[in-house]
Enquirer: 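Please read through the structure below; I'll follow up with questions.
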There are 2 protein chains.
Amino acid sequence: MARTRHRSLDCSPGCAVEATLQLIDGKWKGVILYHLLAEAPEPEGALRFNAFRRRMPNVTQRMLTNQLRELESDGLVHRTVYAEVPPRVEYRLTERGRSLEPVIRALKAWGDAHAAMAPEVAA
Amino acid sequence: MARTRHRSLDCSPGCAVEATLQLIDGKWKGVILYHLLAEAPEPEGALRFNAFRRRMPNVTQRMLTNQLRELESDGLVHRTVYAEVPPRVEYRLTERGRSLEPVIRALKAWGDAHAAMAPEVAA
DNA sequence: CATGACGGTATCCTTTTCGACACTATGGGC
DNA sequence: GCCCATAGTGTCGAAAAGGATACCGTCATG
């Protein structure tokens, strides 16, 4: 279902912007990354599958799996499976993922500052 | 064709991230904003329709119109039509649009730093 | 007269994304 | 025996996004 993005890389200089954008677009990735950056409990910040679900009640399992898998295959999060009896899977940011922090924070800051989504509401 | 985004605003705290993201996703908006921020010639930085087309040869007219209209209706760019004989239309950032500069710069910086899109290429 | 630049529209179609819903295996608690 | 939790997968279908192509009116140029 996914991974048709990353197709051309043809745009001239604003390309870098688009490239970054392509990694974090997709409806839930921003929030996932934000939660991993800001809300993960332990210092190395891991979250489990259902921890995400509790934080984002409107995401279906399928979508959550999907977005996490895409983030993983983009090298932004790492997935650790513990072969335990109640299955346990932890997600944490990779170095590459953590390096997105300024981006996420900029997005968050702007969203907070221009609180609403519609300009007329903000005005 | 557009404007079904901005639907719920239901997510908890990472919401601001998503909200910002929704304004600048869409295949070409990042590049458009980048060009307006970085490449527009005059101090107040206006670009004309075909100036965009020259900078982004792979965008169809329809898509360009579309993305510009969405940016306009999100209050990020302003569209000025000069009732002249060869029609002239200029696009420039609004205040709100200019306030996205840190975001765009963060996106650009990350994209430049982690140059390629695929992690294995970057590594 | 034909062509091109300007700034778009209109129409059609394909791809991509998203959501709903059901289903899986395992083990523990009641 | 039944239901809960864990972390998913599979299938279906609707909707949205995006691309291809053709067309519009005006004026200047060749």
Side-chain angles (χ1 to χ4, degrees), chain A residues 1-11 18 21-32 35 46-74 77-92, chain B residues 1-11 18 21-32 35 46-74 77-92:
Chain A
M1 156 170 296
R3 302 292 88 191
T4 319
R5 285 108 49 58
H6 304 343
R7 22 186 179 254
S8 49
L9 184 45
D10 39 17
C11 49
E18 264 304 313
L21 229 26
Q22 288 193 345
L23 295 181
I24 61 183
D25 80 355
K27 194 77 194 290
W28 302 109
K29 291 197 198 166
V31 203
I32 290 175
H35 284 302
L47 283 177
R48 301 177 58 176
F49 190 81
N50 280 356
F52 282 114
R53 299 202 54 199
R54 276 186 286 274
R55 280 164 178 77
M56 306 143 67
N58 300 319
V59 194
T60 62
Q61 291 165 309
R62 202 179 71 80
M63 276 312 294
L64 182 54
T65 306
N66 232 310
Q67 305 279 287
L68 285 168
R69 290 302 207 285
E70 288 192 19
L71 289 171
E72 188 192 2
S73 87
D74 282 332
V77 313
H78 183 250
R79 179 165 176 270
T80 317
V81 185
Y82 297 89
E84 297 176 0
V85 156
R88 183 160 63 102
V89 178
E90 285 185 350
Y91 294 91
R92 44 174 50 94
Chain B
M1 157 169 291
R3 300 294 86 191
T4 317
R5 285 109 47 57
H6 305 341
R7 21 189 182 250
S8 45
L9 184 47
D10 39 17
C11 47
E18 263 304 313
L21 230 26
Q22 288 193 345
L23 295 182
I24 61 183
D25 80 355
K27 195 76 195 290
W28 303 108
K29 292 198 197 166
V31 203
I32 290 175
H35 283 304
L47 283 177
R48 302 178 56 176
F49 190 82
N50 280 355
F52 283 114
R53 300 235 303 152
R54 276 184 287 275
R55 281 166 178 76
M56 304 144 68
N58 300 319
V59 194
T60 61
Q61 291 163 310
R62 199 180 75 81
M63 275 314 292
L64 183 54
T65 306
N66 231 309
Q67 305 279 287
L68 284 169
R69 291 300 207 286
E70 290 192 18
L71 289 171
E72 188 191 3
S73 86
D74 282 332
V77 312
H78 183 251
R79 180 166 175 269
T80 316
V81 184
Y82 297 89
E84 296 176 0
V85 156
R88 183 160 64 102
V89 179
E90 285 184 350
Y91 295 91
R92 46 174 48 93

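Every chain is numbered from 1 and lettered A, B, ... according to where its sequence line falls, protein lines coming before strand lines.
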Enquirer: Nearest whole angstrom, please: distance from the C1' of C:dA20 to the CG of A:Leu64.
Expert: 16 Å

Enquirer: Classify the angle between the aromatic ring planes of B:Phe49 and B:Tyr91 as parallel (below 30°), tilted (30 to 60°) or perpendicular (above 60°).
Expert: tilted

Enquirer: What is the distance, to the nearest angstrom, from the CH2 atom on B:Trp28 to the C1' atom on D:dA17?
Expert: 13 Å

Enquirer: How many Å lie between CG on A:Leu21 and C1' on D:dG18, as a whole number?
Expert: 16 Å

Enquirer: Any base atoms under 4.0 Å from A:Tyr91, or only sugar-phosphate, or nothing? Heavy atoms, all strands.
Expert: sugar-phosphate

Enquirer: B:Val59 and B:Gln67: side-chain contact (heavy atoms from CB on, under 4.5 Å), yes or no, with the steps?
Expert: CA-CA 10 Å; B:Val59 194; B:Gln67 305 279 287; 5.9 Å; no

Enquirer: Counting side-chain heavy atoms from CB outward, which of C:dG7, D:dG8, D:dT6 is closest to A:Phe49?
Expert: D:dG8

Enquirer: According to a strict under-4.0 Å criterion, is B:Lys27 in side-chain N/O contact with OP1 or OP2 of C:dT16?
Expert: no

Enquirer: Has the side chain of B:Glu90 got a donor or acceptor atom that lies under 3.5 Å from a matching backbone atom of B:Ala46?
Expert: no

Enquirer: Using whole Å, what does the distance between atom P of nucleotide D:dG8 and atom CZ of A:Phe52 come to?
Expert: 11 Å

Enquirer: Considering every strand and a 4.0 Å limit on heavy-atom distances, what is the contact class for B:Gln67: base, sugar-phosphate, or nothing?
Expert: sugar-phosphate

Enquirer: Can you tell me if B:Arg48 touches the phosphate of C:dA5, counting only side-chain N or O atoms and a distance under 4.0 Å to OP1 or OP2?
Expert: no

Enquirer: Would you give a per-nucleotide map of nucleotides 21-28 of chain D, 5' to 3', where B means the base has a protein non-hydrogen atom under 4.0 Å away, S means only the sugar-phosphate does, and - means neither?
Expert: -B----S-

Enquirer: Rounded to whole angstroms, how far apart are CE on B:Met63 and P on D:dA16?
Expert: 15 Å

Enquirer: Please determine if a side-chain N or O atom of A:Arg69 lies less than 4.0 Å away from the OP1 or OP2 oxygen of D:dT9.
Expert: yes

Enquirer: CD of B:Glu70 versus C1' of D:dA16: gap in Å, rounded?
Expert: 11 Å

Enquirer: Would you kindly give the CZ-to-C1' distance between B:Arg88 and C:dC6, to the nearest whole Å?
Expert: 12 Å

Enquirer: Roughly, in whole Å, what's the span from CD in B:Gln22 to C1' in C:dT17?
Expert: 14 Å

